[in-house]
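What follows is a short report on a single structure.
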Amino acid sequence: MADSPRPARVRVAPSPTGDPHVGTAYMSLFDRALADKTGGQFILRIEDTDRNRYVADSEQQIFESLAWLGLEPDEGPHKGGPVGPYRQSERLPLYKEAAETLLKSGHAYKCFCTADRLATLRKIQQAEKSARMGYDGLCRGLSAEEVKAKEAAGEEYVVRLKMPREGDIKVEDLFRGTLSFKADEQQDAVMLKSDGFPTYHLANIVDDNAMGITHVIRAEEWIPSLPLHFELYRAFGWEPPVFAHMPLLRNKDKSKISKRKNPTSLLWYRDAGFLPEALKNFLGLMGFSLPNDQEIFSYREFLQHFDLAKVNIGGPIFDVQKLHWLNGEYIRALDPAEIEKRLVDYVKLLMHREVEFMDLPEDQLPTDQFLAEFEQKRRKRSRVLAQLAPQLMTSYEVNPALLLPIIPLIRERMHTLGEAADYLPMFFTDEFSYTPEDFVQKKGTLDDAKKALNAMREIVQIADFNDAEGAVKQMDELSRAKAEELNLKLGPFLGPVRMAITGSKVSPPLMESMLVLGKEETLKRVDNALRFLG
RNA sequence: GGCCCCUUCAUCUAAUGGUUAGGAUACCGCCCUUUCAAGGCGGCGAUACGGGUUCGAAUCCCGUAGGGGUCACCA
């Protein structure tokens with residue numbers, strides 16, 4: 001089925017109940033793409049009809065996260081637009097009126113059943129393992145007089161939709177074709193709660209209609225309420241939109257993605273140092289693919305090949321490990337100046353956010369091993385960078401050229417910006433906590449280490465640090481000669497030096513690092529180590 | 001449990017009746033190498049099962065199994 005030529009109006013409709021969700025971004029990507037492909041609009045609507053779950057800054061974070069990903073809506077609470085307001089809490093009269101309409105046309109009725117009765121009913125149904133669960137429609141048969149009497153007595157009520165009792169309800173899904181539901185298995189869902197607020201179902205349909213939504217792209221979990229939504233459109237006499245139920249993003253165990261088993265917050269991905277374009281690319285890989293096995297693509301390329309009908313509806317597992325790889329590819333594709341800019345912005349971000357992340361409870365750690373380890377490292381790195389930040393930023397402001405030479409040395413070692421924490425500190429501090437054993441190489445002695453350090457001291461003194469390329473070559477050649485003289489292989493010869501210079505057994509390339517540090521600092525670190533070893 | 005959806009390597013996916021079932025991640029090995037990476041090369045590895053239809057099935061049909069979603073005055 002081809003997309004209709006008319007411009008699509010699509011929407012994403014998150015509830016501001018917590019951190020901005022990766023599923024929201026996923027839907028937004030496909031919404032944005034369909035809108036762009038057809039020359040339509042992508043709308044953000046905040047569904048804040050549940051006052052109990054409302055989280056104050058959640059809405060702002062949704063705006064920011066979508067902006068971060070480059071998935072800006074054309075219309076929304078923060079953007080305005082012709083069919084606003086875009087916050088459901090500001091559209092309450094509309095829903096009341098709609099409920100009134102349904103009541104008048106006989107498509108809905110007032111239900112006075114108490115929460116108590118409903119709970120008891122549920123219990124009985126569960127105990128009997130009844131095939132028919134849910135509301136039994138007791139109040140559907142109330143006479144006008146009975147309704148009037150109960151209202152006069154001040155009894156609270158909800159408004160329920162009268163679902164058909166016979167036949168099948170058939171609804172089209174763009175991916176699945178005709179979906180068929182038995183009418184007698186549906187229940188009369190609540191439209192208006194007793195507090196006068198609409199339920200999701202009412203508000204959603206009223207707004208989609210009022211906002212001219214042509215395609216409802218939403219997650220698969222909504223399929224069970226599709227007959228209800230369809231009947232609502234019928235009750236109002238409105239033309240339903242195209243429904244496209246996207247696959248659900250999954251945890252490793254195939255269950256619906258959840259924060260207990262997988263990071264779901266877009267803020268988490270940003271704070272871990274994932275690039276927005278990489279995450280966006282990765283999301284585009286979920287249930288979709290480009291020709292010729294192309295896996296790395298810009299949004300522009302994605303759009304070029306985008307076709308909603310080509311979505312693969314098997315629920316994809318959100319594999320952070322593959323995202324990790326993809327993010328590394330993106331980092332390596334950036335030029336050093338750009339990486340530097342991202343890194344500086346990232347460090348600034350962490351300075352402000354570090355405190356919030358220090359002491360997350362243990363049970364919020366992802367369970368999967370890679371994730372658990374990744375999260376552990378992420379926190380550690382976040383801390384390292386945040387601690388380093390004041391010094392780094394001060395130096396950076398004093399000398400903007402400071403970071404740039406380091407970037408090429410660490411670029412292909414990073415998969416996330418956060419991993420810069422593994423390599424950056426050694427360029428800003430020479431206070432290392434090494435032990436004598438750290439200098440001793442396999443099959444080597446402490447004496448070998450000292451000899452290597454002394455040899456390197458001479459080499460560094462000879463080298464001309466003003467000629468970077470020449471110096472690296474020169475030091476390399478001299479090191480080889482010296483190593484041979486000491487009857488050592490190059491690796492073991494450089495081991496102690498690496499420890500002295502970088503404070504670690506693992507580091508960016510040694511000669512290049514020394515060059516960045518400068519001759520004076522390099523010699524100082526060698527001397528520090530020699531003094532330490534006695 | 002009822003209803004509904006889904007099913008190609010561990011994972012993301014390609015192949016819309018004819019392929020030795022392709023690519024990527026992960027993993028393993030080799031090469032490169034100054035540690036760690038990155039890179040290069042190679043390896044491992046899938047059509048859930050059973051019936052049809054057809055000359056021919058991953059692809060179409062039926063059944064089974066498995067997985068998932070959902071059954072609120074939450075969205």
Side-chain angles (χ1 to χ4, degrees), chain A residues 13-17 47-50 52-53 111 113-115 118-119 122 125-126 128-135 156-160 173 175-176 179-182 185-187 189-195 197-201 203-204 219-227 245 247-248 250 252-256 282 285-296 310 312-319 321-326 328-329 332 370 410-415 419 422-423 476 479-480 483 489-495 497-499 502 504-512:
Chain A
S15 292
T17 53
E47 308 221 326
D48 55 349
T49 55
D50 184 353
N52 298 322
R53 293 206 301 155
C111 168
C113 293
T114 60
L118 264 19
R122 226 185 334 267
Q125 287 169 338
Q126 269 161 8
E128 289 179 349
K129 299 204 165 158
S130 167
R132 219 202 119 70
M133 303 287 281
Y135 185 59
E156 287 199 333
Y157 65 87
V158 301
V159 175
R160 288 182 186 271
D173 175 85
F175 306 125
R176 284 159 261 255
L179 263 24
S180 183
F181 305 86
K182 296 248 182 302
E185 282 161 1
Q186 306 303 317
Q187 47 177 310
V190 173
M191 297 291 107
L192 216 54
K193 307 178 211 173
S194 56
D195 63 3
F197 275 68
T199 58
Y200 163 82
H201 304 293
N204 189 267
E220 195 180 8
E221 60 186 321
W222 293 107
I223 290 180
S225 51
L226 188 54
H245 290 92
L248 232 24
R250 314 286 189 102
K252 274 233 149 104
D253 63 4
K254 294 191 190 278
S255 58
K256 173 166 89 168
F282 184 70
L285 246 20
M286 302 282 93
F288 199 76
S289 62
L290 266 53
N292 305 318
D293 298 319
Q294 184 179 357
E295 290 201 294
I296 300 177
K310 281 188 188 152
N312 176 342
I313 54 176
I317 289 167
F318 191 95
D319 183 1
Q321 200 152 8
K322 185 153 183 174
L323 172 60
H324 188 248
W325 160 78
L326 189 64
E329 292 287 317
R332 266 168 265 130
F370 172 82
I410 66 176
R411 174 164 71 167
E412 58 232 28
R413 289 168 174 73
M414 289 194 295
H415 295 88
E419 285 170 22
D422 296 344
Y423 307 106
D476 182 72
S479 295
R480 283 170 201 281
K489 287 196 172 164
L490 191 58
F493 174 77
L494 292 176
V497 180
R498 186 181 308 281
M499 187 53 68
T502 72
S504 169
K505 287 175 180 167
V506 175
S507 81
L510 193 50
M511 310 303 180
E512 285 86 342

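Letters go in sequence order (proteins before strands), and every chain restarts at 1.
- Base-pair partner of B:U54: not found among the strands shown (Watson-Crick or G-U wobble, both distances under 3.5 Å).
- For the P atom pair drawn from B:A46 and B:C3, the interatomic distance equals 35 Å after rounding to whole Å.
- The aromatic rings of A:Phe318 and A:Phe282 sit perpendicular, their planes meeting at an angle over 60°, well past the 30° parallel limit.
- Between A:Ile317 atom CD1 and B:U8 atom P the separation is 10 Å, expressed in whole Å.
- Legend: residues meeting salt bridge (Lys or Arg N to Asp or Glu O under 4.0 Å) with A:Glu156, ordered by chain and number and at least two apart, are absent.
- For the C1' atoms, the distance linking B:A37 with B:C4 amounts to 48 Å, nearest Å.
- Following rounding to the nearest Å, A:Asn312 (CG) and B:C5 (P) show an atom-to-atom distance of 17 Å.
- With P as the reference atom, B:G18 and B:U33 are 47 Å apart, rounded to whole Å.
- Residue contacts for A:Gly287: at a heavy-atom cut-off of 4.0 Å it reaches the sugar-phosphate backbone alone, with no base atom in range.
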**Request:** Could you encode protein contacts along nucleotides 25-41 of chain B as a string, one character per nucleotide from 5' to 3', using B for base contact, S for sugar-phosphate-only contact and - for no contact, with a heavy-atom cut-off of under 4.0 Å?
**Result:** SS-------BBBBSS--

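- B:A15 is unpaired under the Watson-Crick or G-U wobble criterion, no partner having all donor-acceptor distances under 3.5 Å.
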**Asked** What string of B, S and - do you get for nucleotides 65-75 of chain B 5' to 3' if you count protein non-hydrogen atoms under 4.0 Å?
**Response** --SSSSSSBBB

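- Separation of the C1' atoms belonging to B:G22 and B:A75 is 41 Å when rounded to the nearest angstrom.
- For B:U13 and B:C71, the P atoms lie 25 Å apart once the distance is rounded to whole Å.
- A:Thr17 comes within 4.0 angstrom of no nucleic acid atom, judged by non-hydrogen atoms across all strands.
- Under the ring pair (Phe, Tyr, Trp, His ring centres under 6.0 Å) criterion, A:Trp222 pairs with A:Tyr200, not counting sequence neighbours.
- Rounded to whole Å, the separation between the C1' atoms of B:C49 and B:C32 comes to 47 Å.
- One interatomic measurement links the two molecules: CZ of A:Phe318 to P of B:U13, which rounds to 12 Å at whole-angstrom precision.
- A search for side chain to side chain contact (heavy atoms under 4.5 Å, CB included) contacts involving A:Arg176 returns A:Asp173, A:Leu179, A:Glu220, A:Ile223, A:His245, A:Ile313, not counting sequence neighbours.
- Summarising the geometry, the separation between CG on A:Leu285 and P on B:C12 is reported as 11 Å, rounded to the nearest angstrom.
- Summarising the local packing, CG of A:Asn292 is surrounded by 12 or fewer heavy atoms from other residues, nucleotides or ligands at distances under 6.0 Å.
- Across B:G2, B:A14, B:G22, the shortest atom-to-atom separation from the side chain of A:Ser289 is found for B:A14.
- Here A:Lys193 pairs with nothing under the side chain to side chain donor-acceptor pair (under 3.5 Å) rule; sequence neighbours left out.
- Both A:Lys182 and A:Gly315 lie close to RNA chain B; mapped to their nearest nucleotides by heavy-atom distance, the more 5′-ward contact belongs to A:Lys182.
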